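Computed from a predicted structure; not experimentally measured.
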Amino acid sequence: MINKSKFIVFEGIDGAGKTTQINLLAAALSKHNIACSVTAEPTTLPSGKLLRQALAGEIPTTAMEMAEMFARDRVNHNVDKEQGIEKQLSDGITVISDRYYYSSLAYQGAELGFDAVSALNLENPDIRTPDLCVFLDLTPEKSLERIGARVDVPREIYENYEYLEKTRKMFFDVFERLKQRGEKIVIIDASGSVDDIAARIFDAVIQIF
Ligand code: TMP
């Protein structure tokens with residue numbers, strides 16, 4: 001197998017099981033001698049920490065300011081000299097990110113429209129296009145059920161039914177547009193068993209290597 005490093009992104013509305021599935025995928029790829037690094041947005045960089053505060057409602061921000069903050073954090077995520085996506089890929093390491101610009105296009109796009117968020121992300125040369133996006137699809141009902149079960153996780157401003165439903169629709173709209181631009185996106189039904197979902201993700205991902 002040719003082991004050329006890839007950039008893979010996981011997306012899904014809250015509670016879709018991204019964290020579990022990303023870790024299972026990283027373990028499965030490692031078994032196939034594909035070195036992986038797991039990362040996430042918002043990042044752990046200062047720009048990501050600021051976003052966490054804004055998401056928790058601790059600092060007032062407009063929708064446009066949020067979109068700009070996410071784009072800024074994404075650029076840092078790409079170019080950070082120590083842990084950045086570009087650095088990892090050039091070291092031959094496959095990068096798996098929990099969320100990326102699809103989240104901005106869906107969540108911020110729901111308020112600002114596709115074009116405004118696209119201009120901040122798809123037209124930014126410091127924001128790389130992923131090799132594959134895996135969307136874990138879950139209905140808002142299931143999503144809220146799962147979020148409700150996670151008592152340790154504080155509720156953030158985006159977790160309510162209407163918002164989740166609207167965002168899921170926005171994700172599908174975003175994928176239609178991005179597929180037309182040649183992006184590779186797979187949609188996986190995330191309502192089944194963990195092992196079954198993991199197997200379907202692995203089958204889709206291994207094809208890009
Ligand atoms: P998470 O850590 O659970 O993925 O939470 C991050 C939250 O931030 C989630 O509700 C989605 C939101 N978000 C955006 O609105 N736009 C973005 O570009 C990203 C990366 C996340």
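For the pair D73 (side chain) and T43 (backbone), a donor-acceptor distance under 3.5 Å is present. Within the 3.5 Å criterion, the main-chain N or O of K6 finds a donor-acceptor partner in the side chain of T94. Judged purely by atom type and a 3.5 angstrom limit, S118 has no side-chain atom pairing as donor or acceptor with the backbone of F114. Of the possible donor and acceptor atoms, none in the side chain of N121 sits under 3.5 Å from a partner among the backbone N and O of I127. Looking only at distances, a side-chain donor or acceptor of E11 sits under 3.5 Å from a matching main-chain atom of S103. Between the side chain of D173 and the backbone N or O of K169 there is no donor-acceptor pair closer than 3.5 Å.
Both Y102 and V95 are part of a single hydrophobic cluster, where members link through side-chain heavy atoms under 4.5 Å apart. By the criterion of side-chain heavy atoms lying less than 4.5 angstrom apart, applied directly or through intervening Ile, Leu, Val, Met, Phe, Trp or Tyr residues, L51 is not grouped with L45; the two fall into different hydrophobic clusters. Cluster membership check: V134 does not share its hydrophobic cluster with M170, using side-chain heavy-atom separations under 4.5 Å among Ile, Leu, Val, Met, Phe, Trp and Tyr. Criterion: ILVMFWY side-chain heavy atoms under 4.5 Å apart, direct or through other members. Under it, I8 and I34 are part of a common hydrophobic cluster. Cluster annotation: L138 is not connected to F171 through the hydrophobic network of ILVMFWY side chains, with a link wherever side-chain heavy atoms come within less than 4.5 Å.
L55 is listed as a side-chain neighbour of R52, based on a closest heavy-atom distance under 4.5 Å. When side chains are defined from C-beta on, I187 counts as touching F172, because their heavy atoms get closer than 4.5 Å. Side-chain contact check for T39 versus Q83: every heavy-atom pair is 4.5 Å or farther apart. At a threshold of 4.5 Å between non-hydrogen side-chain atoms, the residues S5 and I93 do not count as touching. Proximity of K87 to D80: side-chain heavy atoms (C-beta onward) are nowhere separated by under 4.5 Å. Looking at heavy atoms from C-beta onward, N124 lies out of side-chain contact with Y101 at the 4.5 angstrom threshold. A heavy-atom distance below 4.5 Å is found between the side chains of H77 and S97.
Members clustered with L24: V194, by chain and number, using a 4.5 Å side-chain heavy-atom cutoff among hydrophobic residues.
G12 approaches Y107 most closely through the heavy-atom pair O-OH, 4.2 Å. Contact detail for I85 and R128: the closest heavy-atom pair is CG2-CD, 4.3 Å.
Taking CD of E141 as the reference point, atom CD of E165 lies at 7.5 Å (rounded to 0.5 Å). Once rounded to the nearest 0.5 Å, the distance linking OG1 of T61 with CD of Q53 reads 10.5 Å.
Applying the ring pair (Phe, Tyr, Trp, His ring centres under 6.0 Å) criterion to F7, with sequence neighbours excluded, gives Y100.
A donor and an acceptor atom, one from each side chain of R74 and S104, are located under 3.5 Å apart.
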Please output the side-chain donor-acceptor pairs of residues 197-209 that fall under 3.5 Å, not counting sequence neighbours, one pair per line with the distance.
unit_1, atom_1, unit_2, atom_2, d
R200, NH2, D189, O, 3.3
R200, NH2, D196, OD2, 3.3
Q207, NE2, D203, O, 3.2

